[in-house]
Amino acid sequence: MSLTFNSIDYLVLVLYAIALFYIGFRFSKKEKNQQDIFLGGRSLKWWQIGFSIFGANAGPMMLIGFASIGFSHGIVASNFELLAWVFLMLLAMIFLPYYLKAKISTIPQFLLIRFGKRSYNFLIVYSLISILVVWLGSALYAGGLLISGIFGCQLFTAIVIIAVVATSFTAIGGLKAVVRTGVFQSVIIIISSVILTFLGFQKIGSIDALASQTPESYWKLFLPASNPEYSWIGIVLGYPVVAIYYWCADQTIVQKVLAAKDLKEGQYGALFIGALKIIMPIIFIMPGIMCFVLFRDTTPDNAYITMIKQLMPHGLLGLSIAALIASLVDTVSSSLNSFCTVFTLDVVQQFKVLNSNQQTRMGKWVTVLAALVGIGIAMLFSYSGKGFFDLTQGLVSILAPPLAVVFLWGIIWRGVNGIAAEVVLYGGGLACLVLGVCHVLNYPYQGYWPHFLMLSFYIFVALSLVIVTVSLLTKSKDNMEIPTLFERKERETKGQSKSVWLSWAGLAIVMIMIYIYFN
């Protein structure tokens, strides 16, 4: 994986670092209210929201992992990008109006309003753990492996450098700094990936030449039900469970739309990232397929780095590594800001009421402490004996079903009460943890458990039956301050912009055409 740099590459990396810190600290002056460090003063515009979500989403797992799947399976991984628009539409048109009407700053606060204190406290802990482990720890570990491999430094040194860079402007500038650096870094990632894809096509000659040297299955979005890893049944049934949690109930993603200037800006921000999903398979998965044709002797996990090493000339090589670093820094900074938001506004406020200045100071210190904990978690991952792909593959699927059930049923049916939500969150959360550990460890034997996507679907169905049954058998006095999906008044639905719905319809048509063509 080692790469050879020249002076031009180092110059590009230095210029990238200077631009990153300038953008991060340029907008890090103190603001008038505490929401600026946590929600950017609720002033973000649609393009800032879209690029910021893109930067947080396009982490090392996407750059390296999607190229790996493209190398070994073809375009099937595109489903995780192309189907995301459905759940981004749910976020924008269904969940976001509820979140903004409730005037929440964090996702746990929605459960406080809908189901009460115990559900609220559960999600606080759940959110903090998921941010530390799924987002922060895994991103630092993945970044440490890649940076140490590229530059030949110690793993711990690489992890600390990434953490220090991301923490510096995040602690001082809050969400506004995270968003502005996210926009900058998203542009770097897109430009670098487009150039890499172009050079790959130039080397191969044409799309026909690429297709002729790959198996026919590489160009199918839906693989047969018999496929053990990416069957169409697993994707259609299992992916929505993970996607509802990831796109509609995860603090790191949803925090960006909560910071929107108004509902319309938030909806267009989600629409923008949904539109960007069209190009992501081309610039992230296609290089892996090209690597299969050009450098078949490499391993799938090294497909992305191999393409960079073999095709990128000096200068552009530095830009590619800058894009890789950008994906790491943006994921880590978004994770840190989300953690400090939940901890400061949801944990500390329960024990001591802080004024605006105190909340801002607390947020900065919590950001630093979260970075230190993240470094520790990343180092624990390094002693696990597994690669970061294996470690993170099942984490989201383990966390997703209970929250997907509670959030989805919570906005659909008023009859779902606090007792039912608590049973699913506490009982279902424990069950998911046990099943997830057994699945990862292949207990009682290998092949006993279904694919993790199907396992998520089965758990979702089971917990849905639980939440409906318990709600019917129990009664609780919930203070439902916001209506359910089917109780929304006509005057509220009229507030939805027709142009937004028409834009979603246009995006849907494009996505359907893509699926028709590739199947």
Side-chain angles (χ1 to χ4, degrees), residues 39-40 42-59 62 78-102 104 107 110 175-176 178-180 182-187 189-190 193-194 239-240 242-284 330 334 407-408 411 485 488 492-515:
L39 292 176
R42 296 190 189 267
S43 61
L44 300 186
K45 298 181 179 179
W46 63 268
W47 58 272
Q48 293 175 311
I49 295 168
F51 274 128
S52 183
I53 294 176
F54 175 90
N57 181 222
M62 180 173 290
S78 301
N79 287 294
F80 297 101
E81 295 302 299
L82 298 179
L83 292 176
W85 75 271
V86 177
F87 306 96
L88 285 163
M89 184 175 68
L90 283 178
L91 170 63
M93 311 309 290
I94 303 300
F95 283 93
L96 184 57
Y98 287 93
Y99 293 156
L100 295 183
K101 185 176 179 62
I104 62 173
I107 293 299
F110 180 77
L175 185 64
K176 279 192 174 180
V178 171
V179 168
R180 286 187 169 92
V183 171
F184 165 68
Q185 300 192 116
S186 295
V187 172
I189 294 169
I190 292 173
S193 299
V194 168
Y239 174 70
V242 178
I244 289 173
Y245 161 66
Y246 184 87
W247 294 112
C248 303
D250 184 89
Q251 178 68 27
T252 304
I253 296 295
V254 178
Q255 185 170 341
K256 309 299 191 303
V257 293
L258 290 179
K261 182 178 180 181
D262 52 41
L263 175 61
K264 190 174 181 179
E265 292 288 341
Q267 290 173 331
Y268 273 115
L271 176 65
F272 181 46
I273 182 64
L276 285 176
K277 293 294 180 183
I278 297 173
I279 68 169
M280 290 165 81
I282 301 174
I283 63 177
F284 292 150
D330 203 52
S334 294
F407 274 80
L408 192 60
I411 68 164
L485 177 61
R488 295 176 67 185
E492 293 174 339
T493 57
K494 284 183 178 178
Q496 301 284 350
S497 172
K498 289 184 179 179
S499 62
V500 180
W501 280 112
L502 289 174
S503 299
W504 282 113
L507 181 59
I509 292 172
V510 173
M511 293 297 187
I512 291 171
M513 292 174 62
I514 291 173
Y515 270 86

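- Nearest heavy atoms, K256 versus L44: O-CD1, 3.9 Å.
- Looking at I273 and W46, their side chains never come closer than 4.5 Å, going by heavy atoms from C-beta outward.
- Every residue two or more places apart in sequence or in another chain was checked for a ring pair (Phe, Tyr, Trp, His ring centres under 6.0 Å) with W504, and none qualifies.
- Scanning for ring pair (Phe, Tyr, Trp, His ring centres under 6.0 Å) contacts around F54 gives an empty result, with sequence neighbours left out.
- Here SG of C248 is found 13.0 Å from OH of Y98. Values are rounded to the nearest 0.5 Å.
- For I514, the side chain to side chain contact (heavy atoms under 4.5 Å, CB included) test picks out L82, L221, I278, V510, M511, F518, with sequence neighbours left out.
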Would you give me the side-chain donor-acceptor pairs under 3.5 Å for residues 87-96, sequence neighbours excluded?
none

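- Exactly one of I107, L263, V257 qualifies for a side-chain contact (heavy atoms from CB on, under 4.5 Å) with Y99. That residue is I107.
- For residues 78-98, the pairs satisfying salt bridge (Lys or Arg N to Asp or Glu O under 4.0 Å) are E81-K277, with sequence neighbours left out.
- Here T252 contributes atom OG1 and Y246 contributes atom OH; the two are 8.0 Å apart, rounded to the nearest 0.5 Å.
- Taking all atoms of both residues into account, the shortest heavy-atom contact from Y268 to S499 is OH-OG, 2.6 Å.
- At a threshold of 4.5 Å between non-hydrogen side-chain atoms, the residues N79 and Y515 count as touching.
- In plain terms, the two heavy atoms of S186 and F51 that are nearest each other are OG-O, 2.7 Å.
- With sequence neighbours left out, the side chain to side chain contact (heavy atoms under 4.5 Å, CB included) criterion links V194 to I190, I283.
- Between the side chain of Y239 and the main chain of F80, a donor-acceptor pair closer than 3.5 Å is present.
- We find the CD1-CD distance between I49 and E265 to be 6.5 Å, quoted to the nearest 0.5 Å.
- For the ring pair (Phe, Tyr, Trp, His ring centres under 6.0 Å) test, no residue two or more places apart in sequence or in another chain qualifies with Y245.
- Considering CG of L276 and CG of N57, their distance stands at 10.0 Å, rounded to 0.5 Å.
- Pairs engaging residues 242-251 under the salt bridge (Lys or Arg N to Asp or Glu O under 4.0 Å) rule: none recorded [sequence neighbours left out].
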